Amino acid sequence: GLVDQGLQWAADFPILDRPIRGRRLVYLDNGATTQKPRTVIDAESRYYLEDNANIHRGVHWLSQHATDLYEAGRERVRGLLNAARSDEIVFTRGTTEAINLVAQSWGPANLQAGDEILLTAMEHHSNIVPWQMLAARTGAVIKVVPISDSGELDMDAFHSLLGARTRLVASAHVSNALGTINPVDEIVRAAHAAGALVLLDGAQAVAHQAVDVQALGCDFYAFSGHKLYGPTGIGALYGRHELLQAMPPWQGGGDMIRTVAFEGSTYADVPQRFEAGTPNIAGVVGLDAAIAYVQHVGLDAIEAHEQELLAYGTEALSDIKGLRLIGTARHKAAILSFVVEGIHPHDLGTILDMEGVAIRAGHHCAMPLMTRYGIPGTARASLALYNRPADIDALAAAVRKAIDLFNGGSKA
Ligand code: PMP
């Protein structure tokens with residue numbers, strides 16, 4: 001059952017044994033970053049203990065070995081996303097860098113003044129600001145798909161905003177602030193029919209459900225390793241081969257060239273063309289281990305577990321008077337975003353922290369979304385595979401305690 005599975009998986013994560021403020025750590029800030037299983041920590045440490053060398057350049061054994069580990073990581077990411085080819089995977093620092101790569105490489109080469117980039121009202125700043133920078137550079141125009149009060153995309157508006165000038169639709173697969181799982185199949189189908197490309201921000205998706213970029217048919221897909229039980233500073237961009245192949249480099253340096261002369265340089269094939277400089281080799285090794293871990297547990301099992309917990313949590317929080325859930329989409333990942341009458345989200349977060357409950361409070365890097373709801377921010381509990389009903393119970397109890405505290409305080 002739910003409890004056994006959460007408990008069994010929690011045992012793989014050493015940090016969860018660490019008491020915080022003298023209590024068991026109730027970690028519900030997985031949308032910000034997940035904890036790491038021992039296998040990931042060991043893989044990265046073993047890499048430095050036994051396998052460290054620079055890649056793609058050494059004639060010596062260790063360098064070739066490190067290159068093999070790095071390329072095995074690329075193959076592992078290919079498998080995670082079910083991309084057709086491993087050279088469709090570019091390693092980046094994370095989602096943010098993956099989106100900036102597309103904005104800075106694909107963007108200027110393909111956009112003209114008046115061309116349109118279609119975003120949604122629930123985007124993370126990392127899927128807004130790079131496009132604003134690109135728009136400023138090219139004269140392209142940004143349009144925004146509105147959402148309903150429940151936090152679902154207004155698909156009628158989407159279809160009417162999609163026009164002859166739309167070149168790119170950039171959308172979250174799963175919203176980090178609401179949990180909404182967007183209808184990405186429909187988005188891709190309609191965008192392609194209109195002659196536009198689609199970039200999906202998968203930062204909040206890949207750890208919680210199986211993703212298949214070929215089935216989705218998207219053109220670009222970005223994610224971060226650290227939200228997938230892997231290390232920080234590593235992530236990936238999937239790009240369809242013919243698109244990547246036609247894109248100019250964005251950063252220059254070693255490893256991304258074929259020949260260099262002062263008269264001019266020629267560039268390496270993809271994906272090396274987009275990986276200038278010594279990459280985060282240890283990070284790739286850790287990411288490889290993280291993906292191996294979720295594949296071992298099974299993404300379908302993870303999804304089922306988290307969906308059960310989401311239902312349990314939704315009910316537990318709905319019972320609390322004065323609490324309002326923000327984001328009640330029919331298709332939701334295990335994110336519980338909420339506001340409590342009369343308590344600022346930051347105060348709520350601080351009181352919960354005293355109880356050993358780690359959540360995030362604030363705008364979640366989605367300020368336009370908060371503006372849409374007319375709130376300064378939310379308190380957000382975001383779940384992962386190691387969470388269990390006791391974590392939800394602790395959350396609900398801590399929220400009730402905060403309400404009592406505030407009510408008592410104002411009465412006094
Ligand atoms: N998009 C979404 C939906 C996110 O949740 C995040 C991280 N909060 C990002 C993008 C940015 O990811 P990173 O900071 O790892 O680049």
Side-chain angles (χ1 to χ4, degrees), residues 27-36 40 77 80-81 90-104 119-133 144-145 147 151 153 169-182 184 187 198-209 211 218 220-238 279-280 283-284 286-287 290-291 306 326-327 329 331-337 349 358-370 372 377-384:
Y27 189 76
L28 296 172
D29 195 17
N30 297 286
T33 199
T34 55
Q35 300 302 346
K36 320 305 171 196
V40 167
V77 172
L80 176 78
L81 301 180
V90 180
F91 284 119
T92 64
R93 282 193 295 127
T95 308
T96 302
E97 194 177 59
I99 296 172
N100 277 275
L101 191 167
V102 177
Q104 291 181 37
L119 307 178
T120 87
M122 67 176 84
E123 295 313 308
H124 188 276
H125 296 163
S126 67
N127 203 23
I128 299 175
V129 182
W131 307 118
Q132 290 178 324
M133 291 162 67
V144 183
V145 182
I147 58 169
L153 290 180
V169 178
S171 169
H173 188 173
V174 174
S175 157
N176 67 309
L178 304 170
T180 310
I181 302 173
N182 285 317
V184 285
I187 289 172
V198 177
L199 177 143
L200 295 179
D201 169 355
Q204 298 293 341
V206 288
H208 308 286
Q209 63 178 90
V211 170
C218 60
F220 299 106
Y221 197 95
F223 77 90
S224 302
H226 71 96
K227 296 180 199 280
L228 177 63
Y229 310 105
T232 52
I234 189 68
L237 171 72
Y238 157 80
N280 185 355
V284 168
L287 177 60
I291 298 172
E306 291 179 0
I326 304 292
H331 299 290
K332 254 191 87 168
I335 287 174
L336 292 158
S337 225
I359 60 147
R360 180 149 177 203
H363 55 63
H364 315 297
C365 299
M367 288 176 74
L369 181 65
M370 299 302 125
R372 156 69 179 77
T378 72
R380 181 190 69 180
S382 48
L383 311 184

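Indexing begins at 1, ligand by ligand and atom by atom, following the structure's order. If you read the sequence from its start, that first residue is 1, and numbering goes on from there. Only a predicted model underlies this, so the values are computations on that prediction, with no experimental measurement involved.
Ligand 1 has no atom lying under 4.0 Å from any heavy atom of Arg93. Not a single heavy atom of Glu97 lies less than 4.0 angstrom from ligand 1.
Summary of contacts: the protein heavy atom closest to atom 8 (N) of ligand 1 is Lys227 NZ, 2.6 Å. Looking from atom 10 (C) of ligand 1 to the surrounding protein, the closest heavy atom is Ser126 OG, 3.1 Å. Nearest protein heavy-atom neighbour of atom 14 (O) of ligand 1: Thr96 OG1, 3.7 Å. For atom 5 (O) of ligand 1, the nearest protein heavy atom (residue, atom name, distance) is Gln204 NE2, 2.6 Å. In this structure, atom 1 (N) of ligand 1 lies nearest to the protein heavy atom Asp201 OD2, 2.5 Å.
Donor-acceptor pairing under 3.5 Å is lacking for the side chains of Ser175 and Thr180.
For the side chain to side chain donor-acceptor pair (under 3.5 Å) with Ser224, the qualifying choice from Thr96, Thr34, Thr95 is Thr95, the only one to do so.
Residue Ser224 has at least one heavy-atom neighbour below 4.0 Å for each of these atoms of ligand 1: 12 (O), 13 (P), 15 (O), 16 (O).
No more than 12 heavy atoms of other residues, nucleotides or ligands sit less than 6.0 Å from atom CZ of Arg93. Around CE of Met367, the count of heavy atoms belonging to other residues, nucleotides or ligands within 6.0 Å does not exceed 12.
Aromatic ring orientation, Tyr221 versus His173: perpendicular (interplanar angle above 60°, classes split at 30° and 60°).
Here the side chains of Leu101 and Val90 are in contact, with some heavy-atom distance below 4.5 Å.
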